[in-house]
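Since the structure comes first, as C-alpha cells, the remarks are kept for the end.
Every chain is numbered from 1, with letters handed out A, B, ... down the list of sequences.
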Amino acid sequence: MSYSVDIDRKWQKKWEETELYKFDPNKEGKKLYCLEMFSYPSGANLHLGHWYNYSLTDSWSRMKRMQGFNVFHPMGFDAFGLPAENYAIKTGIHPQDSTLKNIATMEKQLKEMGATFDWNYELATCMPDYYKWNQWLFLKLYEKGLAYRKNAPVNWCPKCQTVLANEQVVDGLCERCDTEVVHKHMTQWFFKITDYAQELLDCLPQLDWPEKTKKIQTNWIGRSEGSQVALYVEKDGKQLMNDDGTPVKLEVFTTRADTFMGVTYVVVAPEAEICDKLTTDEQRAVVEEYKLKTSKVTDIDRMSTTREKTGVFTGAYAIHPLNGRKVPIWAADYVIAAYGTGVVMAVPSHDDRDYEFAKKYGLEIIPVVQSEKGVENELPYCEKKGYLYNSGEFDGMEMHEGLDAIVAKLNSIGMGEKKVNYRLRDWLISRQRYWGTPIPMIHCEKCGVVPVPEKELPVLLPYDVEFTPDGESPLAKCDSFINCKCPSCGGDAKRDPDTMDTFVDSSWYELRYPDNKNSDEIFSKDIINKLAPVDKYVGGPEHAAMHLLYSRFICKAMRDMGLVNFDEPFTSLVHQGIILGPDGNRMSKSRGNTVAPDEYISKYGSDVFRTYLAFGFAYTEGGPWNGDGLQAIVKFIRRVERLVEEVSGMDTSAAYELGDLEKDLNYTLNYTIKSATNDIDRFQFNTSIARMMELMNAIGKYQQSGKARGSFLKMVVEKLILILSPFAPHFAEESWEMLGNEYSVFNQKWPEFDESALVLSTVEIAVQMNGKIIFKVNIPADADQAAVEELVKADERFTAALAGRNVVKFIYVKGRIANIVVK
RNA sequence: GGGGUUGUGGCGGAAUGGCAGACGCAGCAGACUCAAAAUCUGCCGACCAUAAAUCGUGUGGGUUCAAGUCCCACCAGCCCCACCA
C-alpha cells in the first residue's frame, strides 16, 4: 500500500456500505453521548477549526467505542442566523437556498474527514420539523411565566432604518453606512433566566468542566449580597406620590449600607423609566438632551472607567429616611438601567466613582467611616474596615455591625432589607430579522397577546419576503404571514413580526438528536432520559458564558416541566484551543493568513492531517499553524506502513517466548498502551502520539537487532495499529487488512496493558546533596529508604561530595530521587 | 479600569512539588548512493576551543530538603467585559 486520499475513499465507502457507524440504542455497552458543538453552515469549505474540533473528538470517541461503550455521536447544523441574511442582502440569493446548499457541501466534507457520525440523526435548525419545537418550547415557557415582554433598547441605525447586531456597530457607527448608531426602545420578548440564577450557580461544582469556564459563568451570574434600601422623593417642593396615594420609594441596591448615612446625592440611569418620572419641567430639556447623548454612547464606552463621568440634575430630590436630609437626584450614564434597580445611592466619601463625580459637580461630601476612631482619612476612603461616625445613632459602631444596625432600622420602617442581587439579566430573544424561528405569538387589538395554539405549529417562515432593511422587521412586510385571525376571538390580528435569537435553537438541540424524527413530541422522554445528558461536549471557549448558560437554563426549565429527569445537559466539557495563522494572529481573510486544510488533505490524506492536528498542538491551547511540522507525521506513517508491509510478509506462525529483547520491547509496548490510553482519555493527544512514536523507535531497534521473532513482532505491530487507529482510521483499516485480519479494526477491543510487564527490577535514581544532583545510581526498584541510604552512603562519589560535612537528613522519594541535606 | 488566561531551546511542545527540554520539526555530521532523494546512525539550551564546572522555564521576592509547578508583587502577550454600586 501507499497511504493516500484513495485509501480514505476506499474505506469511507466500505464503512457506509456496511453501516459500521450506525447507532443502535439497544446495543450492549454503556451509553456514551459524545457531542461537538454543531457548526454554522458557511459557504466555504471546512476550515482548520472544524477539523481540529471534529476530527480529534472523533478520535476520542473511536477509542471509547473500541473500549466497549455504545457511543452516540451525531452531527447537525446551526443553520439560522445573520450571515445568510446579510449574504442575501448583498447578493440576492435567498438565505434558504444558500444555507441548504452549504449544508450539502459540509456534509460531504465531513464524510470525507472520516468521522463516526451517524447521519441518520442529523438535524438542521432551519427546518420546520426542528423549529416547530423551538416554537413549542416558547409556548411552554410562556405558559410557565418564563417568557414575557418588556421594553428594551436596540442598536438603531437612523439611516438604514434598521436594527443592528452588536457586531454590526463599529466604533459607534453603522458598519454599512457609518451613521451614528442610537439606542431605540422596543417591546421585546425575554426568557426569565434570572429565575434560575441561584441554581445555575449551585450546580457548577458538580460539573466536570474546565475551572476557567466555571469561573466565567460564576462571574457572569455575579451573585452579590447586599441590601435594598429606599428613599422618598420630593419633586417641585412636594413629596412625590404614586397613583394609589402611597409615597414613591426610590429603591436602591447597595453592598455598602454601612455608608448610608453619608448619602449626599442619588443617581438614576438616564434611560430608566423612573428618570422620566423624576425629571421636573424645568430640567426636562436638559435631561432629554442628555438622554439623547447617552443613547449614542456605546456600551463599551459607557463601561470604560477612564472616560470622564457626566450627568445632569433631574430637578428632584431624595429624602433620606433616617436623617431627613434632602439630596439631589442626578441622571448619569455611569449607572445602567438593566443592573439592579437602575438607581444608585452616592456616597462620595467612600466610593471612587461617586467622589470623582461629586468633585466635578460640586456635590456635598460627608465622611461616615473612619479607619480608627478619631482618625480623619484621606477621601475617598474605600477600605471595608473601620468605625462609623457622622452617622447619628450609629456612631462608633464597627462598620459591619453598623451595616446590620442600619438595615435593621430601615427594615423596621419598611424602607430596606438584606437582598441578594445577580448581575445576570434576563435573556432577550427577539430579533428584528428574517432568517430565524418565527415567534409563535399573535397580537389582537381586542384580546392582546395571544399564543398560537399548539396544534397550529409550526408557524412557517415564509419564503417570499422582502428582507432588505427599511425600518420594519422583514416579516412585518409579508402580508400573508403577518395577517391572521385571533385564535381567541376570531377577529383580524397580526403575528409577532420578530424571530428568535439563534441561541434559542442551540439551547436544546442536544436533546433533539436522539429522537430527531419525532413529529409528535419535542422528544420522547424515555429515549432522552436514557441517552442524555451529553457525556462529553467539545467546543470553543467563546461559548463559555452565553450558549453554555442558556443550555443549562433550558435544561433546568425542561426538568421543571417534567420533560427530562436530569439537571444538567453537559456532564463533561472540553474546550479545544484556537489554531492561529502562521504569523501568530487569528486567521482571517483580511489578514491573508488563512490555512486551507483541503490542499493538505489531497496531498497527504485525511489521516496524516488528523494525526498532525493531534500531535502538533496542545489540544486545549491551540497555537500558530506550522505546515513544516506535518513532516513528522508523514514520516511516522511511512515508517509504520513499511513495518506493516514487512511483517505481513513474514512467517509469524511460530509460538514465541520472551527473551531479553522481547521483554524490553514488551515493556515499551505496555507502557505505550497505558500512557496513550490515559492521554487520549484526557484529550492530551500530542503526548499519546509521542508514546506511539517511541514504540515505533523501539520496534526499529528490535528489528535492527537481527533477532526479531516474527510472531512476537506481529503481535506488537497489531497493537500499535489498534492504538493508532483513532487518529488514522483509514490507514489503520488498510493495515489491519494487510496483516490478514478481519474487518473492521473498529470492531476490535482496545488493547489493555499488562501491569506485570511494567515491573522493573532496577531503577535509576538521581542523588542530590542540598538539592543539587551529584550523581545517578541504579538501585533495586523495591529498595526502601534504609537500603537506599546504605547504598548511597557506600558510594565514593557521596563521600567526595560530603567533604567532611554532616548529614542532617536523608530523603528518598521512591523510584525517583534521593536528597541528602548536609551542613 | 475590571476579570480571565498564557509566558519553557531556532520552532511545535513534554514534565502527579522530585533528574527541565520527553516526542518531533528545522539544522549539523556520518552511512548508503555515481549523485540526489528516501532511509538509517549520531549531535543538537547558554557559556566554553573542548571537557569539567557554572548558569538556565518573562522579572523580583517568598514557602520547601527540593519550585517550570505553590504564594506575593511586577512586566509582556492574548481573550472577554456589564463603571456592578
Side-chain angles (χ1 to χ4, degrees), chain A residues 210-213 215-216 218-220 222-224 226-227 252-257 259 267 299-307 309 332-336 338-347 350-354 356-357 421-425 541-542 544-545 577-578 580 582 584-586 612 615-618 621-636 638-639 642 675 679 684 686-697 700-701 704 764-776 808-822:
Chain A
E211 284 307 315
K212 66 170 176 178
T213 309
K215 229 180 231 170
I216 288 169
T218 304
N219 292 338
W220 190 267
R223 181 189 152 99
S224 104
S227 322
V252 168
F253 179 78
T254 178
T255 52
R256 291 298 304 275
T259 65
V267 187
D299 287 352
I300 301 288
D301 279 345
R302 240 173 120 168
M303 281 182 304
S304 163
T305 43
T306 49
R307 189 167 145 268
K309 291 170 188 22
D333 65 8
Y334 76 92
V335 172
I336 290 189
Y339 182 74
T341 59
V343 187
V344 173
M345 68 178 216
V347 186
H350 305 292
D351 183 278
D352 289 319
R353 291 176 315 261
D354 297 349
E356 190 192 321
F357 193 83
N421 199 37
Y422 298 91
R423 199 196 59 157
L424 184 68
R425 301 171 196 172
E542 67 274 17
I578 298 163
L580 305 169
N585 291 306
R586 201 179 266 270
Y612 175 58
F615 180 66
F617 306 85
E621 302 293 320
W625 174 258
N626 175 4
D628 293 341
L630 205 70
Q631 284 313 310
I633 303 303
V634 172
K635 288 183 187 175
F636 176 60
R638 252 190 329 237
R639 283 182 82 185
R642 276 197 303 275
S675 322
D679 289 349
Q684 194 163 316
N686 54 349
T687 49
S688 72
I689 304 284
R691 298 293 87 80
M692 294 178 212
M693 287 174 168
E694 283 168 353
L695 176 59
M696 183 62 233
N697 289 341
K701 290 252 154 55
Q704 276 164 29
E764 187 190 61
I765 63 159
V767 179
Q768 298 182 331
M769 192 165 279
N770 287 346
K772 281 193 175 182
I773 293 171
I774 47 175
F775 62 91
K776 293 174 187 180
V808 177
K809 199 173 176 186
F810 189 98
I811 296 150
Y812 173 58
V813 181
K814 191 159 195 227
R816 291 190 174 272
I817 208 160
N819 189 17
I820 306 132
V821 186
V822 304

Give [X] one of three labels, base, sugar-phosphate or nothing, depending on what nucleic acid heavy atoms sit under 4.0 Å from its own.
X        : result
A:Glu764 : base
A:Arg642 : sugar-phosphate
A:Asn697 : sugar-phosphate
A:Lys776 : base
A:Val821 : sugar-phosphate
A:Ile811 : base
A:Asn819 : base

Rounded to whole Å, how long is the line connecting atom [atom1] of [X] with atom [atom2] of [N]?
X        : N      : atom1 : atom2 : result
A:Ile820 : B:rA66 : CD1   : P     : 14 Å
A:Ile817 : B:rA66 : CD1   : C1'   : 7 Å
A:Ile578 : B:rG4  : CD1   : P     : 19 Å
A:Gln704 : B:rC40 : CD    : P     : 8 Å
A:Ile765 : B:rA66 : CD1   : P     : 18 Å

Report yes if at least one side-chain N or O of [X] is closer than 4.0 Å to OP1 or OP2 of [N]; otherwise report no.
X        : N      : result
A:Lys635 : B:rA38 : no
A:Arg586 : B:rC78 : no
A:Arg639 : B:rC40 : yes

Please determine, for the side chain of [X], which listed nucleotide ([options]) has the closest atom?
X        : options                : value
A:Ile336 : B:rC84, B:rC19, B:rC23 : B:rC84
A:Asp628 : B:rC25, B:rU39, B:rG4  : B:rC25
A:Gln631 : B:rC40, B:rC25, B:rA20 : B:rC25
A:Arg425 : B:rC23, B:rU54, B:rC84 : B:rC84
A:Ala690 : B:rU5, B:rA22, B:rA85  : B:rA22
A:Val344 : B:rA20, B:rU5, B:rA85  : B:rA85

From [X] atom [atom1] to [Y] atom [atom2], the distance as rounded to the nearest 0.5 Å:
X        : Y        : atom1 : atom2 : answer
A:Arg816 : A:Glu764 : CZ    : CD    : 13.0 Å
A:Met693 : A:Leu695 : CE    : CG    : 12.0 Å
A:Lys215 : A:Asn219 : NZ    : CG    : 8.5 Å
A:Arg639 : A:Asn697 : CZ    : CG    : 4.5 Å

Taking the [atom1] atom in each of [N] and [M], what is the distance between them to the nearest angstrom?
N      : M      : atom1 : result
B:rA53 : B:rG62 : C1'   : 29 Å
B:rU54 : B:rC48 : C1'   : 11 Å
B:rA20 : B:rC74 : C1'   : 25 Å
B:rU16 : B:rU59 : C1'   : 28 Å
B:rA22 : B:rG9  : P     : 13 Å
B:rG13 : B:rG4  : C1'   : 23 Å
B:rA14 : B:rG7  : P     : 9 Å
B:rU63 : B:rA67 : C1'   : 10 Å

Do NZ/NE/NH1/NH2 and the carboxylate oxygens of A:Glu694 and A:Arg691 come within less than 4.0 Å? yes
For A:Tyr612 and A:Asn626, does a side-chain donor sit closer than 3.5 Å to a side-chain acceptor?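 Side chains of A:Tyr612 and A:Asn626: no pair found under 3.5 Å.
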Any chance you could encode RNA chain B as dot-bracket? Rule is Watson-Crick or G-U wobble with both distances under 3.5 Å; [ ] for pairs crossing earlier ones, | for another strand. (((((((..(((.....[....))).(((((.......))))).((.......))..(((((..]....))))))))))))....
Whichever of A:Asp354 and A:Ile633 has its nearest RNA chain B nucleotide further upstream toward 5': A:Ile633
Scan nucleotides 6-14 of chain B nucleotide by nucleotide, 5' to 3', and note B when protein non-hydrogen atoms come under 4.0 Å of the base, S if they reach only the sugar-phosphate, - if neither. -----SBSS
